[in-house]
Structure formats: structure tokens, C-alpha cells
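Below is one structure; the comments refer to it alone.
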Amino acid sequence: MMAALSRDRHFLHRLVVSILFLFHIFELFPRTAAFAAATLDGIQQASVVPREEENMVVAPPAIVYTIAGSDSGGGAGIQADLKAIHAISGGTCHGCSAVTCLTAQNSRGVLGVHSPPIEFLRSQLIALEGDMYPHAVKVGMLGNRELVEEVGAWLRKLREGGGGGNDDNGGGGRRAAPLVVVDPVMISTSGHRLLDDVAKSAIIEKVFPYADLVTPNKYEAEEILGRELRTPEDVVVGAREILAMGPGAVLIKGGHFASSSSSGGGEDEDDDDGDVPSSTGSQDYLLTSAEMSEVGKPVKDRQRLCDGSRGVWLRSVRHDTVNTHGTGCTLSSSIAAAWAMGRREREISSIDDDDDDGRERVGALRSMYLVDACCVAKAYVNAGVARGVQANTVEWIERLVSTPGIIDVQLRFKDTSDYATILDRVQRAQALCKSKGARLWINDHWRAAIEAGGCFGVHLGQEDLASCVDAGGLDLIRSSGLAFGVSTHSYSELAAASGVRPSYLGPIFKTSSKDVKFDPQGLETVRHWRSLMPPDVPLVAIGGIGDAYIAKQVREAGADCAAIIGAVTMAEDVTKAVEDLNEAMN
């Protein structure tokens, strides 16, 4: 989201706050999310026993532990885990928690961490184990070496006391050891270090050998390996090395990696690496041991494309949003829950497959093993991000256009090329803005802005400007009465943009809201741009204006308008933030 603050100049008459939505809007539910919805509906319908029928035996829920830190904001940690365990299973899994540490945090960051005595964690685990033995265990934030060693010793005890493997049968009448999913919380998604070297080494030595799956993100995998993972090939090799450290499987959460030029399928390429992805998106890499891959296979001596021992890339739509707090916790706990659901279903079926109790059994759920659980969990998280973005976007539109001083809303999305979808989103955004008297700007999609009617303006990047010119779009934009802004990043782009006579020009001052392929502009460039531009064309500095102080600096450098995201959307008091920014620009 971006806000633009202006002094009097041309059509920018007073304080203008323009909200640039970097995410998806209105009923966004991509294929992966649709798959998740259909799959989860089927799972829940097949798993829930109708309680109202007489003489019906209700199977107990699968027990899933989360051993992790508490997030006071409720978006991550055990709070997110327990929500995910219940939601993805439709109530057929019961979540239990053992708290390793307490955090003072919200969606914006961590303010403090407190670790209770080791004895208290031990008491929690003893209490749980004595009453509700787990089908699966998710291990999250451990925080220090002492916590790591305590949890490692407990996992070793369960493994040695149970069946000693990842199968469903304990052997010799013993209970099967729980399925263990370890999310090695070392580095946050934003790259902040959360664990020291001593504790990191302890996790690898004391916990990994008893984990059926470890789920490091890209940064954590790099920390474990001691090197960067730059390409998909690096990820494949890194996964092999982590697998050799003892876990039964590894899922490296990579976000997206650009393919290297070396992946040409030559004769030296290892066929067991799985297809190296060649497109952008959210791409995670799963690799399992040969033993883990054999569990649950219908034909033991034949390979399948989805066999984890071959290496499996899990791909989905990547949502252009920063609202991903807690997704790592949710993914690992969802994998544990889905995996436990499969084990529970097989336990029910093994009691008496011939017992006609009126309960529909579904083979796909009985066949839910590790790879299946990873696919379902990833789809579940992807769907959650998409729907969360939708709700957050609509809420912000309504909130911001109702805030005094906010006049303009700019809508930007990149997730679809379907024109009907684009037009629908523009029309809905326009309806919201019109209801509050706000003016709507459309980023890139100039045809939809014209057809929707009522939009105030369009903003084009350099590439979209070129395609617009080629299609004769400039004349159509002008004849429709739309205002017209252009981004610029270099002298040649400034010259080209000036030649098409825009309503305003905007250098990208600085931004962290999207991946830019050029160097950001500083205050000196803003001053220089202002001296080169016609005096009657407003200059809009886009992005990186984090507070009123920086806004004032940009204003004094010659900018007529400052485009802002976080200074408004991340403010505790949005109205006060807009007032302060307005004062800085006047």
C-alpha cells in the first residue's frame, strides 16, 4: 500500500494519500487454493463421524503436540499451531502444547523473549505423555542449548521406547513412535538470527536424528550448511547434505529461486534430482530417505514421480504480500496434523475393515503419508495467505478512504492476466472508492481503467508504457480523461516519459515492497530530477518514505508528492500518521 502526499501543484491540489495495493484483491482463490479447499472439504467430510446417529462409535481424535514458543500476538508459535491443527483436520486432530519460551510480539516484530525453567518444560511433556500419547509432534522454537537438549532427550526416549520408526506399527505390542516434524527456527523469514551457534549445533546433533521431517526455510538451510543457496541446484545438493545429518526427510522452504543456466538436462545431470523449476513462484523442495519413501507405497519395487526419494518440488502461486507472519509455523504444524490424520484413519481401519458402522472411509485419507501431507499443508497455507490478503485488502481500502486527508487509492496487482478478472477487480475497487468520495488510480491495467469508467487515473511503469504506446493506448487514455503518471529510473526513461507528456513523473525513491531491478534513487537524484523536469509537471517520489521526517526531506528536495506504504499502513494511529505526513509536506 502506498500513500502519496502532495503540496499544491497541477491536479495534485492538497494532501493526497494514494494506497498502492501490492497484493491480490476480491475473491482471490488461485488453483492451489481451490485444490486446498476441495481437498480439505473431502478430508473433513470423510473424517468426521456423525455424532447424532445412534449406536455410532466415535473414533478419538489424533493427538498432535506442538513444542514451541508462545506468540502473544497470536499469529505464530503455538497459537498458530493449535489453530492450524484444528482447522486443517476439521476437528479430527486434538492439539496439545508444551511452551518452550514466552515472547512479547505482534505482527510487526518481537519485543522480548523469556524462557521458563527447563524443569517446567519437562513437567509439561510428562503431563501430556502420561494422558494423551501423541500421533505426531511438531517442534518449533527452542531458543537455547538447554531447551534443545531437553527436547532431544525426550524425542530419543519416545523413539527408543516406541516402534523406532516412521511406520504405523510399534512392533511387539508397543505404541508406534510419534511422527516428528521439526521446524528448526534459527533465522526468521526476514533474515534475522534467532539462535546462537551452540544451540544450532545442538539441534543438528540432538534433534535431527529423531526427526522424521525437518522444515528449514532458505535462510535456515544456509545457516545449517554454512553457505548460500543461490539456485535450485544448490537447494537439491543442500537437501542431500541435511538429509545426511539424520532426519528422515527435509523440506527446504525456498520461496522462489531463479533457475541457473546450468540446468540444461545434459548427460551429466542426475536423474534423481527431480525436475528443476524454471518458473517463479513459491517453490519448496522435499527430499526423503529411501526408507521413508517406501512407507505407504502401494507398489514397493516401482518408482513414482511423487516419491520423496527422487526429490519433489512443491510449487504454488507466490502472493505479492508481506503478510506472511506465522506461515512457517502453520506449514509445519499442518504437515504434522495431516500426517497424523492419515495414521488415525489407518488405525481405525485396522481395527475392523469389515465392520459396517455406516461410516464412509476414503482411500486417499488412509493413504495420507509424508508427501501427501506436505502437498495438502502447502495448499492449505497458500489458500490462507490468499484469503488473508483478500480480507486485509478490502479492510484497508475501506479504512483508508474513510481517513481524513486520503483522497486517492491506487490499485496494483500482478497475479492474473485474465482480463475479465482484472476488470472485475477494478470495478469493485472503483465502487468502494466512489462510495467514500475517493479517486481510484489503476496501476498498469489501462484498458480496464477505461472500460470500468469513473477511475481518476492510471500509472504505468516503463515496460507497460512501451506496450501501451504500441497498442495506441495513450490516445485512448487521454480521450477518456484519465490522469496519467509514469515511473522513471534513469535519464533515458525520464526523457522517454517526458516525451509522452504525462500528468506526473515518479522516480522510485526507495522501496522494500517489491523486487526492483534497478538502484533506488536518493535525495540528490530527487533534486536533480526536479531541475530537469518541466516546472508544471509534478514530481512524485515513490516508496521508502518511512515517516514524516523522511517525507519532509523528500519534500525539501523538490518532490511535490511522496508515495508511502508503511508510514501509513504500519502506523498504530493511521489518522495521526496522515496528519503528521501532511504537515511534513506543507
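Keep in mind the model is a prediction, meaning the values are calculated, not measured.
Within a 6.0 Å sphere centred on CZ of Arg227, other residues, nucleotides and ligands contribute more than 12 heavy atoms.
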Give the table of side-chain donor-acceptor pairs shorter than 3.5 Å for residues 492-499, with sequence neighbours excluded, one pair per line with atom names and distance.
unit_1, atom_1, unit_2, atom_2, d
Ser492, OG, Ser490, OG, 3.3
Glu493, OE1, His489, N, 2.8
Glu493, OE1, His489, ND1, 2.8
Ser498, OG, Leu494, O, 2.8

Extract all donor-acceptor atom pairs below 3.5 Å that involve side chains of residues 471-483 and protein atoms in other chains or at least two apart in sequence.
unit_1, atom_1, unit_2, atom_2, d
Arg478, NH2, Val500, O, 2.2
Ser479, OG, Asp475, O, 3.0
Ser479, OG, Leu476, O, 3.0
Ser480, OG, Leu476, O, 3.3
Ser480, OG, Ile477, O, 2.7

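The side chain to side chain donor-acceptor pair (under 3.5 Å) contacts involving residues 457-469 comprise His459-Ser487, His459-Tyr504, where partners must be two or more places apart or lie in separate chains.
Using a 4.0 Å cut-off between a side-chain N of Lys or Arg and a carboxylate O of Asp or Glu, Arg439 and Asp408 qualify as a salt bridge. Look at Asp560 and Arg530 and you find a salt bridge, because one of the NZ, NE, NH1 or NH2 atoms lies within 4.0 Å of a carboxylate O, short of that distance.
Panel note: side chain Thr403, backbone Ile406; no donor-acceptor pair is recorded below 3.5 Å.
Residues passing the side-chain contact (heavy atoms from CB on, under 4.5 Å) test with Ala452, sequence neighbours excluded: Leu423, Val426, Gln427, Cys455. In this view, Ala338 and Met368, Ala373 satisfy the side-chain contact (heavy atoms from CB on, under 4.5 Å) rule, not counting sequence neighbours. In this structure Tyr491 satisfies the ring pair (Phe, Tyr, Trp, His ring centres under 6.0 Å) test together with His528, Trp529, sequence neighbours excluded.
A distance of 3.5 Å separates OG1 of Thr215 from CG of Asp183, quoted to the nearest 0.5 Å.
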Practice prompt. Please lay out, stage by stage, how Gln79 and Asp71 fare under the test side chain to side chain donor-acceptor pair (under 3.5 Å).
Written response: CA-CA 7 Å; Gln79 286 84 349; Asp71 175 0; over 6 Å; no

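Side chains of Val554 and Ile545 form a contact here, defined as non-hydrogen atoms less than 4.5 Å apart.
Remark: the Glu451 side chain and the Tyr419 side chain contain an N/O donor-acceptor pair separated by less than 3.5 Å.
Applying ring pair (Phe, Tyr, Trp, His ring centres under 6.0 Å) to Trp441 and the options Phe484, Phe456, Trp446 leaves one that passes, Phe456.
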